[in-house]
Structure formats: C-alpha cells, structure tokens
Amino acid sequence: MVKHNNVIPNGHFKKHWQNYVKTWFNQPARKTRRRIARQKKAVNIFPRPTAGPLRPIVHGQTRKYNMKLRAGRGFSLEELKAAGIPKKLAPTIGIAVDHRRKNRSLEGLQLNTQRLKTYKAKLVVFPRRPRKLKAGDSTLEELANATQVQGAYMPIVCETPTVELVKVTDEMKSFKAYNKLRLERTNARHLGARMKRAAEAEKEEKK
C-alpha cells in the first residue's frame, strides 16, 4: 500500500525511442555534392558572376529593421533611367529589375543610381558571336583580361557611426537636467493659459 499523499507512479517507459531518432550521417556527402554543384554552375554561367545579378541597396521593413541595409529584389525603373540603362537591356547585362518598386526617398535613389554607374564602369560585355563586335560590347583587350567574379561583388557595407568625444566643462557639470525637464514640462502645461492671459491684458490696454 502506498503511504502518504504522493504522486501515483504512472511512468511510460516502452516508447521505442530508437524509431524516432533522426540521424544526420549524410551531411558530409551533401556538403561535397553542394560544392560540386556550385562548381558546375560557375562553369555553365561563365563569364557571369557566380553570385547572380546585381541587387539594389534597400532598407528593411518595420521600425525594428528599417535602420539596417540589405539587398533588394531589383532596381526600380526610375533608378535605371537615372543611370542611363534601358529597362530591357538591364536583365541581359546582369542587373536585377523590379518594376513594382518605387523610390520613396532621394537618398535611396541617388545611392542605387551610383551603384549602377559603378557597376556599368566595371562591366565587361561579351559579344554574342566571337569576332563580331557590336556597339556596347567590350574591346578585345578587355575580353582577354576578363575573369569570372567568384563570391559576393559590390557588397553592401553598413557605415558605423563615429562618436565625437568632447571635454566635460564646468557648465556641463553644473547643468541640472532633471530641473530643466521639470521647468519645460511646466511651461508646456501653462502655455495656453499664459497666452490667454497675455491676450486679455493686451485688450485691456487698447481700451
């Protein structure tokens, strides 16, 4: 007989846990397979960069992430126009285009326009047919020296804000922040009444 007010033992131990264990023995082989696939893709898309098309710099959504920069889906039509690149030519020279995106700020427009111009200056365009150069194609010397860009190119770099150090003066030490806040709060609270009183006093003076 069980004594005292204890929990009634009801342990379930015959669970066959070996049947529910997930192993990961294929991880090293998958790593090798992915590497070989990347190498094959690089050969197939030569001389294009392995990282894919150029993406714009955009800000993240919501207040939590909007101070951070990231790669967007594609350049807007306004940005392409400002950089002097036709919208139908852009995808053919490795530039991602997003016709739905709109520029909400002048800074973003200028930043991505400059990004496109820098890319255009570095770009080496191969002719469709060798030895038959067309307008816009690179010269034979540039074609001979061209190499495939491996990994990320023109990476998005977030600027770290610099901190300006100043010397603490006696005026700063004597400044009482709490008192100043209380005073400003009081002034804000009494502003309407004071303005009303001043207007009434002005009326009486005119009489």
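Rounded to the nearest 0.5 Å, atoms SG (C158) and CE (M67) are 11.0 Å apart. Here K87 contributes atom NZ and K81 contributes atom NZ; the two are 10.0 Å apart, rounded to the nearest 0.5 Å. The structure places CZ of R33 at 12.5 Å from CZ of R38, a figure rounded to the nearest 0.5 Å. Annotation: the span from R30 atom CZ to W24 atom CH2 amounts to 8.5 Å, rounded to 0.5 Å. Here H99 contributes atom NE2 and R73 contributes atom CZ; the two are 8.0 Å apart, rounded to the nearest 0.5 Å.
In the model, N103 has a side-chain atom that pairs as donor or acceptor with a side-chain atom of E79 under 3.5 Å.
Two residues are said to be in side-chain contact when any heavy atoms from C-beta on lie closer than 4.5 Å; I36 and K40 meet this criterion.
Under a 4.5 Å side-chain heavy-atom cut-off, the cluster of Ile, Leu, Val, Met, Phe, Trp and Tyr residues that includes L183 has no other member. Taking Ile, Leu, Val, Met, Phe, Trp and Tyr as members and joining any whose side-chain heavy atoms lie under 4.5 Å apart, directly or through other members, the hydrophobic cluster of L69 also contains I57, L111, I156.
Identified under the salt bridge (charged side-chain N to carboxylate O under 4.0 Å, His left out) test for residues 44-65, with sequence neighbours left out: none. Screening residues 102-127 for salt bridge (charged side-chain N to carboxylate O under 4.0 Å, His left out) gives no qualifying pairs among residues at least two apart or on separate chains. Each side chain to side chain donor-acceptor pair (under 3.5 Å) pair with one or both residues in residues 173-193, not counting sequence neighbours, appears once here: K180-E184, N187-R194.
In this structure, the side chain of Q61 does not engage the main chain of N66 through any donor-acceptor pair within 3.5 Å. In this structure, the side chain of T50 engages the main chain of G151 through a donor-acceptor pair within 3.5 Å.
Contact detail for F75 and L54: the closest heavy-atom pair is CE1-O, 3.5 Å. In terms of heavy atoms, A96 sits closest to P53 at N-CB, 3.9 Å. The nearest pair of heavy atoms linking G52 to Y153 is O-OH, 2.7 Å. Residue G84 comes nearest to P86 through the heavy atom pair O-CD, 3.9 Å, listed as atom of the first residue, atom of the second, then distance. I95 approaches Y119 most closely through the heavy-atom pair CG1-CE2, 3.5 Å. Of all heavy-atom pairs spanning P56 and G74, the tightest one is CG-O, 3.2 Å.
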- Task: Could you go through the side-chain contact (heavy atoms from CB on, under 4.5 Å) check for Q114 and Q110 one step at a time?
- Result: CA-CA 6 Å; Q114 188 56 46; Q110 288 172 345; over 6 Å; no
- Message: N44 vs F46, test: side-chain contact (heavy atoms from CB on, under 4.5 Å). Steps then yes/no.
- Response: CA-CA 6 Å; N44 290 338; F46 181 85; over 6 Å; no
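Annotation: Q27, atom CD; neighbour count of heavy atoms from other residues, nucleotides and ligands within 6.0 Å is above 12. In this structure, N5 places its CG atom where only 12 or fewer heavy-atom neighbours from other residues, nucleotides or ligands lie under 6.0 Å away.
Scanning for side-chain hydrogen bond (donor to acceptor under 3.5 Å, both in side chains) contacts around Q18 gives an empty result, with sequence neighbours left out.
Side-chain heavy atoms closer than 4.5 Å link hydrophobic residues (I, L, V, M, F, W, Y) into clusters, and following such links, possibly through other members, connects I85 to M154. With hydrophobic clusters built from ILVMFWY side chains whose heavy atoms lie under 4.5 angstrom apart, L109 does not share a cluster with V97.
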